[in-house]
Amino acid sequence: METKVASVKMRNITKSFGPVIANDRVWLDIYKGEILALLGENGSGKTTLMNMLSGIYYPDEGDIFIDDKKVVIRSPKDAFAHRIGMIHQHFKLVDVLSAAENIILGLEGKLDLKAASEKIRQICDAYGFEVDPDQKIYDMSVSQKQTVEIVKVLYRGADILILDEPTAVLTPQETEKLFAVLRNMRNDGKAIVIITHKMHEVEELSDRVAVLRHGQFIGDMLTRDTNAQEMTNMMVGHSVTLNIDRPEPVDPKPRIEVRNLTVRSIDGILKLQDVSFTAMSGEILGIAGISGSGQKELLEAIAGLQPVEKGSICYVEEDGTHDELLGKDPLRIAEKGIALSFVPEDRLGMGLVGAMDISDNMMLRSFRKGRSIFTDRKSPRKLAQKVVRDLDVKTPNIETPVSKLSGGNVQKVLVGREIAEAPKVLLTAYAVRGLDINSSYTIYELLNQQKKKGVAVIYVGEDLDVLLELCDRILVLCAGKVSGIVPGRGAKKRDVGMMMTRLGGNSNE
């Protein structure tokens, strides 16, 4: 029987941020030639633990051993010295530089770009990467940028790799390529840790899972000896239902009609071209597409936040009357019952104010409803308490500034507030991005409750499995154009993935 060799041993690792204990005496082993999935709810301490291993944070207590030797890691430079590299969810690349220039950026000594390009090609050949060392970052897709980040840490000698949400914005085909590369790296003896909330990927890729809950290590097991239900129960601490409900739409009627919508960015770049579709009441319409395909511009155009070059966006009243939304400001559109819950990569960049507490952020939606010159603070406070309770927002209290919350909990506050507005049209972009599985299923149930009330829900998502399970219809965008509209029931994941990369999904060049 093969004996596993631990590349990393973390013992009694403790880290606090003020009164909040992020990691509490955590023990964790990471083995050579293995892919470890690190699991846990939002705020369970996964990223904090890995940030200490990669030198971003320093533990308050505890020890780290690399190859059985106690080490001190106070910076990413120290981590690289111990062959540890972390690929973060948000890439740290310079757009105007080439792949090779980004990979060697910051290295000491005389830099030979030609020699670097040759070494990059050798790494790519060894593991199955596809990277053009001379290609500029601004010309790359999301998956290409991620590949550069991985090659960058390998170039610097990393044998221990940590990937945070590596498939968040990848198509199924890109995910398959990434998994093949990670398996090749594992087979070469690399120790790999992935942080992810996608249980089907955990089952498909990992060899072992380790679970954290409330900052504490709960246990680990071989992936082949467990299943998604058991892993989720361990993360949450009780039994969780992992079925996404999809009730049949009841008496669906047109609510938003978009015709020939064309949108350009401020730089004149075409973002949407002749996009047409109808969103129905009592239906969840999914929007699928690789990152940057026009999803953001589409929702912002409907909400009155995005200038439109041409086309029409009509709100259809209960009596069938059509009301053109173009030319109306966001306040007048909101008065029609159209709520935009948009969660961009910068979660505090739209909709929430980081310096304000949860209660005051609720008031951003309701302050105009006051009946006197004095602002109503009682109702927002009740709403804040309800959102914290219903969505299990991890916070000391509702007076806590939202900038002090984890990204997932910030997201819960934003989505909870928008849904509480009781809209007739709910626009949600990346509503569960970065949320743990339990919180994600809570959001899916909230969206279904809105659907049952006759709300037209437009759901932009990254996880195709969820889109296929949750949505009644799926509109697929490819480079700003409609590649097709398919029924959620019966559509094939691979077919939708092909439509995301080629108009119509035709595999022929």
Side-chain angles (χ1 to χ4, degrees), residues 249-263 271-272 275-287 294-344 349-352 361-369 380 383 387 411 413-431 443 446-461 470-473 475 477:
V250 177
D251 192 26
K253 297 177 180 177
R255 184 64 68 226
I256 292 286
E257 291 186 353
V258 176
R259 295 291 176 263
N260 306 117
L261 188 68
T262 298
V263 171
K271 292 294 186 180
L272 293 171
V275 170
S276 298
F277 66 92
T278 300
M280 312 291 286
S281 64
E283 172 196 69
I284 298 179
L285 174 66
I287 309 290
Q295 303 96 315
K296 173 178 180 287
E297 289 77 12
L298 177 59
L299 294 201
E300 289 187 354
I302 296 173
L305 299 171
Q306 173 72 51
V308 172
E309 182 174 291
K310 71 170 187 175
S312 171
I313 303 173
C314 282
Y315 176 78
V316 184
E317 304 278 4
E318 293 291 340
D319 62 3
T321 304
H322 286 57
D323 191 354
E324 179 62 59
L325 298 183
L326 293 186
K328 290 183 169 62
D329 62 34
L331 177 59
R332 290 183 64 193
I333 291 175
E335 288 171 352
K336 290 286 183 185
I338 299 175
L340 172 62
S341 173
F342 188 80
V343 187
M350 180 181 290
L352 296 177
N361 269 285
M362 296 295 142
M363 193 168 62
L364 290 177
R365 272 289 191 192
S366 62
F367 73 92
R368 292 189 183 91
K369 298 176 182 177
L383 177 56
V387 169
Q411 201 152 326
V413 171
L414 177 56
V415 175
R417 186 191 70 187
E418 299 302 315
I419 290 176
E421 281 294 295
K424 294 179 181 177
V425 179
L426 179 62
L427 312 174
T428 63
Y430 313 115
I443 297 295
L446 287 172
L447 295 179
N448 270 317
Q449 289 175 12
Q450 295 298 304
K451 170 184 169 179
K452 291 175 184 176
K453 293 177 181 177
V455 175
V457 180
I458 301 180
Y459 175 87
V460 175
L470 174 70
C471 301
D472 300 291
R473 291 183 299 139
L475 181 147
L477 288 175

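Computed over heavy atoms, backbone and side chain alike; hydrogens, waters and symmetry mates excluded. Just so you know, these numbers come straight off a predicted model, no measurement behind them.
- Looking at heavy atoms from C-beta onward, Asp323 lies out of side-chain contact with Val316 at the 4.5 angstrom threshold.
- Side-chain atoms of Glu297 never come within 3.5 Å of backbone atoms of Gln306 as a donor-acceptor pair (strictly under, hydrogens ignored).
- Contact of the His322 side chain with the Tyr315 side chain is not registered, since no non-hydrogen atoms from C-beta on lie closer than 4.5 Å.
- Other residues, nucleotides and ligands place no more than 12 heavy atoms under 6.0 Å from the NZ atom of Lys253.
- Glu283 is linked by a salt bridge (Lys or Arg N to Asp or Glu O under 4.0 Å) to Arg473, counting only residues two or more places apart in sequence or in another chain.
- Not counting sequence neighbours, the partners of Thr278 by the side-chain contact (heavy atoms from CB on, under 4.5 Å) test are Pro254, Glu257, Arg259, Met280.
- Considering all non-hydrogen atoms of both residues, Ile302 and Leu427 come closest at CG2-CD1, 3.9 Å.
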Without placing hydrogens or testing angles, list every side-chain donor-acceptor pair under 3.5 Å for residues 449-458, not counting sequence neighbours.
{"from": "Lys451", "atom 1": "NZ", "to": "Pro247", "atom 2": "O", "distance (Å)": "2.4"}
{"from": "Lys451", "atom 1": "NZ", "to": "Asp472", "atom 2": "OD1", "distance (Å)": "2.9"}
{"from": "Lys451", "atom 1": "NZ", "to": "Asp472", "atom 2": "OD2", "distance (Å)": "3.0"}

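- Contact record, Leu477 with Gly294: CD1-C, 4.0 Å, taken as the closest heavy-atom pair.
- Taking every heavy atom of both residues into account, Ala301 and Val308 meet most closely at CB-CG2, 4.0 Å.
- Every residue two or more places apart in sequence or in another chain was checked for a salt bridge (Lys or Arg N to Asp or Glu O under 4.0 Å) with Asp319, and none qualifies.
- Looking at every heavy atom in both residues, Pro249 comes nearest to Gly282 through CB-O, 3.2 Å.
- Every side-chain contact (heavy atoms from CB on, under 4.5 Å) that Glu309 has, sequence neighbours left out, goes to Thr262, Arg264.
- Atom SG of Cys471 is separated from atom CD1 of Ile287 by 8.5 Å, given to the nearest 0.5 angstrom.
- Scored by the salt bridge (Lys or Arg N to Asp or Glu O under 4.0 Å) test, Glu317 finds Lys336 as partners (sequence neighbours excluded).
- To the nearest 0.5 Å, atom CD1 of residue Ile256 and atom CG of residue Leu325 are 5.5 Å apart.
- Taken from CG in Leu298 to CD1 in Ile313, the straight-line distance is 7.5 Å, to the nearest 0.5 Å.
- For the pair Val258/Ser276, no side-chain contact is recorded, criterion being any heavy-atom separation below 4.5 Å from C-beta on.
- Ile443 places none of its side-chain heavy atoms less than 4.5 Å from the side chain of Tyr459.
- Within the 3.5 Å criterion, the main-chain N or O of Asn361 finds a donor-acceptor partner in the side chain of Arg417.
- For the atom pair CD1 of Ile338 and CZ of Arg332, the computed distance is 12.0 Å after rounding to the nearest 0.5 Å.
- The two residues Thr428 and Ala431 have their closest heavy-atom pair at CB-CB, 4.1 Å.
- Residues Pro330 and Gly304 approach most closely at CG-O, 3.5 Å, considering heavy atoms.
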